[in-house]
J.: 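Structure provided below as structure tokens; questions to follow.
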Protein chains: 2
Amino acid sequence: MVQKAKPPAAAAEPKRRGRPRAYEPDIALGKALDLFRRQGFASTSLDDLSEATGMNRPSLYSAFGDKRELYIKSYQRYREDARASMAEIFRQEMPVRQRLERIFASALNIYLSGETGPRGCFTVVTAASEAVGDPEIRAMVLDGLTELDKAFANCFRRAKEKGELPASADPSVLAQLASATVHTIAIRSRARVPRKELEAIVTGAIDVMVGGKR
Amino acid sequence: MVQKAKPPAAAAEPKRRGRPRAYEPDIALGKALDLFRRQGFASTSLDDLSEATGMNRPSLYSAFGDKRELYIKSYQRYREDARASMAEIFRQEMPVRQRLERIFASALNIYLSGETGPRGCFTVVTAASEAVGDPEIRAMVLDGLTELDKAFANCFRRAKEKGELPASADPSVLAQLASATVHTIAIRSRARVPRKELEAIVTGAIDVMVGGKR
DNA sequence: GGATTAACTTGCGATATGGTACAAAAAGCA
DNA sequence: TGCTTTTTGTACCATATCGCAAGTTAATCC
């Protein structure tokens with residue numbers, strides 16, 4: 001039930017007035033995200049969330065709203081994190097192959113980490129869940145899929161401009177193949193396919209996309 | 001609550017002894033499958049299943065066992081259907097490209113059909129659900145993924161033997177790309193990506209796998 | 001027609017779940 | 001020291017869910 005005994009989290013705080021919070025919203029949201037990602041929306045109870053975050057239900061409620069809102073906020077958080085690591089990879093100039101390797105390695109790390117087994121990709125998990133019945137959630141999922149496509153397309157477009165790919169290469173087709181590779185490893189990771197095999201799939205896909213190993 | 005008013009389903013029946021069933025197990029299982037596929041395990045209640053199948057809960061029980069068993073039987077049924085259409089496609093001799101087109105078209109039909117929106121792929125839905133926590137279900141999912149890989153590998157191996165693919169082509173790598181394409185359209189279909197776009201993804205992937213359109 | 005068999009219908013009980021009301025607690029402010 | 005403000009902790013409610021028990025109905029067998 002306890003989360004952390006350090007109330008003065010960030011340095012500068014404007015001296016809040018009432019009783020201090022016993023939790024840090026950011027890390028609590030992270031715990032909720034982990035749970036939702038592993039168990040899905042429907043089979044994660046508020047009791048589970050309460051235990052994982054160290055907050056009791058009323059606190060959860062006042063901090064994040066009801067279960068659906070908490071799920072949405074968790075997903076947004078997931079996307080922000082993913083975007084951040086993507087941006088990091090796109091910051092420097094490098095060969096396509098290397099950039100692809102980094103992107104896939106990052107994906108694998110996200111999907112395979114987790115204390116109680118691989119967690120997979122939250123976008124894929126949400127897409128496959130009953131939650132897609134909710135139009136707002138479905139829109140977010142679609143946006144997540146599109147964002148990944150665009151990142152890969154950007155990657156291949158740059159490569160083509162630099163002459164790393166033949167003129168016949170279609171960046172958007174390659175991007176969809178790359179996204180497909182991400183999706184397949186996300187799914188396989190949930191089935192506990194060992195890391196080695198997932199890495200082999202990635203390597204094979206890269207070879208096909210940018211030309212054989214060298 | 002009513003399912004069908006035709007008791008003498010198949011022609012030859014060994015004259016059962018007690019009160020006749022008011023349902024046909026096969027079509028009931030199909031309805032259950034539809035529901036599970038759309039809503040997932042956790043958020044499909046026995047009441048939902050009862051209504052969809054036209055059987056009340058005790059009948060469901062005696063026919064299929066508890067909810068988990070029903071889910072497993074639904075998944076097995078799904079796999080049998082998928083295997084059957086695969087076998088059909090592999091029956092005759094044809095160019096790789098055409099065979100791939102048929103396989104993907106079949107997948108699209110399965111994923112996009114459904115009265116209340118696309119249903120997606122049951123293997124993918126199960127992989128992404130909380131049900132993977134169950135070792136037996138996880139094993140079935142893994143088996144489903146592997147079976148698809150093998151079917152595609154078989155397809156590419158034949159093509160290579162017939163000289164349709166260059167000697168450098170690696171059937172198992174191509175197979176994983178093809179599976180990845182299936183997985184990505186399964187996921188996107190759940191996000192309601194329109195059929196046209198999914199078909200474009202398939203076409204692009206085929207071009208990359210077996211060489212440009214001709 | 002009566003016995004037997006198998007399925008159907010109704011209804012229940014134990015538990016879990018999402019959500020909330022209300023009072024105690026811990027801080028600042030005067 | 002009292003007062004206000006914000007959060008926590010406990011308890012609760014209405015509902016939903018799974019699974020099953022007991023009795024009823026409809027068919028065949030003798």
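Quick note on labels: first sequence line is chain A, next is B, and so on, each numbered from 1. Computed from a prediction, not measured in an experiment: that's the story for all the values here.
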J.: Please work out if Ser43(B) contacts a base, only the sugar-phosphate, or nothing of the nucleic acid, heavy-atom cut-off 4.0 Å.
T.: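 Result for Ser43(B) = nothing.
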J.: Roughly how many Å is it from NZ in Lys67(A) to P in dT15(D), rounded to a whole number?
T.: 19 Å
J.: Starting at the 5' end of DNA chain D and moving along, which residue's nearest nucleotide shows up first, Arg19(A) or Asp66(B)?
T.: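 Here Arg19(A) is the residue nearer the 5' end.
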J.: Hey, can you tell me if Phe122(A) and Phe36(A) have their rings parallel, tilted or perpendicular (30° and 60° cut-offs)?
T.: parallel
J.: Quick one: Phe64(A) CZ to dG18(C) C1', roughly how many Å, whole number?
T.: 17 Å
J.: Can you measure Asn56(A) atom CG to dA23(C) atom C1' for me and round it to whole angstrom units?
T.: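 In whole Å, dA23(C) C1' lies 14 Å from Asn56(A) CG.
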J.: Expressed in angstrom and rounded to an integer, what is the separation of Tyr61(B) atom OH from dT10(C) atom P?
T.: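 Rounded to the whole Å, the gap is 19 Å.
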J.: Cation over ring, Arg68(A) on Phe41(A), under 6.0 Å and within 45°?
T.: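 No - Arg68(A) does not lie over the ring of Phe41(A) by the 6.0 Å and 45° rule.
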J.: What is the distance, rounded to the nearest whole Å, between atom CZ of Arg57(B) and atom P of dC20(D)?
T.: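 Those two atoms, CZ and P, are 12 Å apart.
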J.: Quick one: does Thr203(B)'s side chain have a donor or acceptor within less than 3.5 Å of a partner on Glu199(B)'s backbone?
T.: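 Side chain of Thr203(B) to backbone of Glu199(B): a pair is present.
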J.: Report the nucleotide, chosen from dA7(C), dT8(D), dT10(C), that has the shortest atom-to-atom distance to any side-chain atom of Pro58(B).
T.: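 Among dA7(C), dT8(D), dT10(C), the one nearest the side chain of Pro58(B) is dT10(C).
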J.: Roughly, in whole Å, what's the span from CZ in Arg21(B) to C1' in dA6(C)?
T.: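 Going from Arg21(B) (CZ) to dA6(C) (C1'), I get 10 Å.
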J.: dT17(D) C1' sits how many Å from Glu51(B) CD, rounded?
T.: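 These atoms are roughly 16 Å apart.
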J.: Whole Å only: how far is the CZ atom of Arg17(B) from the P atom of dT4(C)?
T.: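 Checked: the CZ to P distance equals 9 Å.
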J.: Under a 3.5 Å cutoff, is there a donor and acceptor pairing between the side chains of Asp48(A) and Ser45(A)?
T.: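 Note: Asp48(A) and Ser45(A) side chains meet the donor-acceptor criterion.
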J.: Would you indicate which nucleotide in dG18(C), dT10(C), dC18(D) comes nearest to any side-chain atom of Ser45(B)?
T.: dC18(D)
